Protein chains: 2
Amino acid sequence: MSNLTLEDIARRVGVSRSTVSRVVNNHPNISEDVRTRVLAAIDETGYQPNAAARSLASQRSQTLGLALPQTVSSFFTDPYFPHLLKGISEACNQHDYALTFFLITCKDDEKKIFPKISNKSFLDGVLVQSGHHGDQQIIGHLVDANKPLVVLGRPFRVDNVSFVNVDNVKGAYTAVSHLIRLGRRRISTITGPLASTVGLDRKEGFLMALGERGFRKNDKLIVEGDFTEQGGYYSMQTLLRENPDAVFVASDVMAIGAIRAIQESGRRVPEDVAIVGFDDIPLSTITDLELTTIRQPVIETGVRAVEVLIDLIENGTDFPQHIILDTKLVVRSSCGSKS
Amino acid sequence: MSNLTLEDIARRVGVSRSTVSRVVNNHPNISEDVRTRVLAAIDETGYQPNAAARSLASQRSQTLGLALPQTVSSFFTDPYFPHLLKGISEACNQHDYALTFFLITCKDDEKKIFPKISNKSFLDGVLVQSGHHGDQQIIGHLVDANKPLVVLGRPFRVDNVSFVNVDNVKGAYTAVSHLIRLGRRRISTITGPLASTVGLDRKEGFLMALGERGFRKNDKLIVEGDFTEQGGYYSMQTLLRENPDAVFVASDVMAIGAIRAIQESGRRVPEDVAIVGFDDIPLSTITDLELTTIRQPVIETGVRAVEVLIDLIENGTDFPQHIILDTKLVVRSSCGSKS
DNA sequence: CTGAAAGCGCTTACAG
DNA sequence: CTGAAAGCGCTTACAG
């Protein structure tokens, strides 16, 4: 079906190819009569414009790239990614762009993917999930290629790059302030990977909240995690040696592991150890405990990133846009208070 | 960078456009001398072929589509999907195809996506994750459009459609046989969604193993799950009223929930209730319990699907190929025996 | 082994 | 509001 061309439709309706093209592309200034007849012919025949011809003539591919440098194992276990993908995919669909997906696993992948991704005619713009040092290369590459680009997350180097991020510092700050307000005094944290900006930013918020309230910094109450449940479990075991009365865990998935470690050690949540997570992604309820957490708008992050990117493409906005989305404290039972 | 055309390279080297094209496309019968000089020029200039022009002339887009009808909430919580995506993405990269991603969330999406997906010039072929009744429509659509198609999973109607699937019946059969061999007598199951072929097939394997050993079918020992941890938890609570001494859970994620329910009820795994899962995807270890499970080759499923699809596209193999991958019983501690 | 030329199916000034 | 025509940048028989 549909080896039809514009020409075929034109002949059928008795107008020129140009006119059919204008109808297809919703140009103004077409007589109602002609428009109707062309549309009818398209409908009857099932005509579909040839995408390649269109791109070639218009110099637009109407497709966006998404590059996921798979620097992290949490890609397979954290619901963050599917949610992000959903937001991106929906927004693309909404705006009539297609989405081309690149999972960058190894150096070999890069060699094949880099040229594709920066190819002028192939993608109108690209989204890069980032926040690791290792990702700087691909970002640099794209910037050099002068390709419209929006980073998901905060890149290490921010100059000249647009990004959409969540306010991680403030989110963590809010979480820890909540614990302080509830009277906790030995507040610990399981961070994200400290090679990533997410990890660093949430740690910074943690330190900021404590510092402001005159807590002395205690490195033994800070353990680096990796955004996996296992990681949360082991990190918590380490922390428990220091007898914390609270823990801010930089992701809900890790919080599940942390809770397991706490309970196995014979301590109770929240009585002995209060816990706040980060994400608020639908998770298993652990026993009858519900997790207090920082909600971040993951789907919206994806949607906004697509919108910014399309704006860059279509309106040529050339100064970098930095969008920081807000988070929200969601109080449940894992801190022992509903206030 | 790279608004260069073939013509530019040709002029630079002093050959014709055709010759440069042949070098770029690795055609045989090019003198070594010319090839070297052309390659050098390409290297120096950073020339990249225009993808749209290429597609238009060759009638090939070198891109595959992946459609995920998101009929299931498990998309967000089951590591199955990221693994599948990884396999697909790697294979595409390997074979120099790009991958375009479609998440079909609602009817509205379909209206926009269907035409794109069947557009002759846009995708050379498409992969559809399937197994739900609801997916028949998109498959039918693609078959009508005569588009090279490979289904991931077993579609409800198999005629004329190629697919790559895992031997779910046999996998489940093996799991349950293992439980029988260990002397369990009240063997229950939490199935997958019974609107899906995965769910149905694994249930069939369960029934087959029991039937063969002369067990009477007991509907109370069969509860439908939904592939989520929560679902596993609640389904198990229902099953526990029947006092099973074993349970075959149709996914590892649900098994986590089931174990939680069992332990909360004061029973022990494996002493009181033995449990076998399905997937063998890296999961949190639950306490010090390790899950006996059926390993299925998820990444390989993705890889094979891509390979079959590319074969359909490039070699025009037109009889449907049905590939069934084998599973493997992985014995750990959740059944109480290492034998 | 190489080149000239037609053709892929659109878009888009330009002219009217 | 509509059409004729140039042009987007490749591939690929065809001829030599």
Side-chain angles (χ1 to χ4, degrees), chain A residues 1-39 41-42 45-63 96 115-116 119-124 314, chain B residues 1-39 41-42 45-63 96 115-116 119-124 314:
Chain A
M1 124 197 212
S2 191
N3 285 321
L4 295 170
T5 69
L6 272 189
E7 197 65 50
D8 296 321
I9 304 297
R11 209 173 306 131
R12 198 173 222 268
V13 180
V15 293
S16 78
R17 192 192 335 172
S18 326
T19 301
V20 179
S21 170
R22 290 188 186 105
V23 172
V24 168
N25 294 298
N26 264 313
H27 285 199
N29 299 346
I30 298 280
S31 73
E32 228 13 83
D33 170 52
V34 171
R35 157 166 278 125
T36 315
R37 279 160 50 216
V38 170
L39 253 18
I42 290 176
T45 55
Y47 164 76
Q48 294 188 349
N50 179 302
R54 208 173 211 186
S55 307
L56 180 58
S58 67
Q59 308 282 49
R60 281 279 167 78
S61 65
Q62 289 292 116
T63 106
D96 274 314
K116 274 190 194 164
N119 189 314
K120 189 133 197 336
S121 61
F122 186 50
L123 301 173
D124 291 341
E314 298 186 351
Chain B
M1 126 198 211
S2 192
N3 286 321
L4 296 169
T5 69
L6 271 189
E7 197 65 51
D8 296 319
I9 304 297
R11 210 174 306 131
R12 199 172 220 269
V13 179
V15 294
S16 79
R17 192 194 334 173
S18 324
T19 301
V20 179
S21 170
R22 290 189 186 103
V23 172
V24 169
N25 293 298
N26 264 316
H27 285 198
N29 299 347
I30 299 282
S31 72
E32 228 12 84
D33 169 51
V34 170
R35 158 167 277 127
T36 314
R37 280 158 51 217
V38 170
L39 252 19
I42 290 177
T45 55
Y47 165 75
Q48 294 187 348
N50 180 302
R54 208 173 212 185
S55 308
L56 180 57
S58 68
Q59 309 282 44
R60 281 279 168 79
S61 64
Q62 288 292 117
T63 107
D96 273 313
K116 275 191 193 164
N119 188 314
K120 190 135 197 332
S121 61
F122 185 50
L123 301 173
D124 291 341
E314 298 186 351

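Computed from a predicted model, the values in this text were never measured in an experiment. In what follows, chains carry the letters A, B, and so on, assigned in the order in which the sequence lines appear, proteins first and then strands, with residues in each chain numbered from 1. Excluded from the calculations below are hydrogen atoms, water molecules and symmetry mates; all remaining heavy atoms, backbone and side chain alike, are included.
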- Distance, rounded to the nearest Å, where B:Arg11 contributes CZ and D:dC10 contributes C1': 15 Å
- Item | A:Arg17 side-chain N/O to A:Leu6 backbone N/O, donor-acceptor pair under 3.5 Å | no
- Task: Nearest whole angstrom, please: distance from the C1' of D:dG9 to the CD of A:Gln59.
- Result: 9 Å
- Query: Just by distance, do the side chain of B:Asn50 and the backbone of B:Thr5 share a donor-acceptor pair under 3.5 Å?
  - Reply: no
- Item | Rounded interatomic separation in angstrom, taking CD from A:Glu7 and C1' from C:dC10 | 11 Å
- Round to a whole Å and report the spacing from CG of A:Leu56 to P of C:dC8. 14 Å
- Summary of protein contacts for nucleotides 11-16 of chain C, nucleotide by nucleotide, where a base hit scores B, a sugar-phosphate-only hit scores S (4.0 Å, heavy atoms): BBB---
- Message: Rounding to an integer number of angstrom, what distance separates C:dG16 and C:dT12 when you compare their C1' atoms?
- Response: 16 Å
- Ion pair B:Arg12/B:Asp8, N-O distance below 4.0 Å: no
- Message: Rounding to an integer number of Å, can you tell me how far B:Asn119 CG sits from C:dC10 C1'?
- Response: 12 Å
- Message: For the CD atom of A:Gln62 and the CZ atom of B:Phe122, what is their distance to the nearest 0.5 Å?
- Response: 9.5 Å
- Query: Under 4.0 Å: is that the gap between some side-chain N or O of B:Tyr47 and OP1 or OP2 of D:dG9?
  - Reply: no
- Are the side chain of A:Ser61 and the backbone of A:Ser55 linked by a donor-acceptor contact shorter than 3.5 Å? no
- Between CD1 of A:Ile9 and C1' of C:dG9 the distance, given in whole Å, is 13 Å
- Task: In whole angstrom, give the distance that lies between atom CG of B:Asn50 and atom C1' of D:dG9.
- Result: 5 Å
- Between B:Asp8 (CG) and D:dC8 (C1'), how many Å, whole number? 14 Å
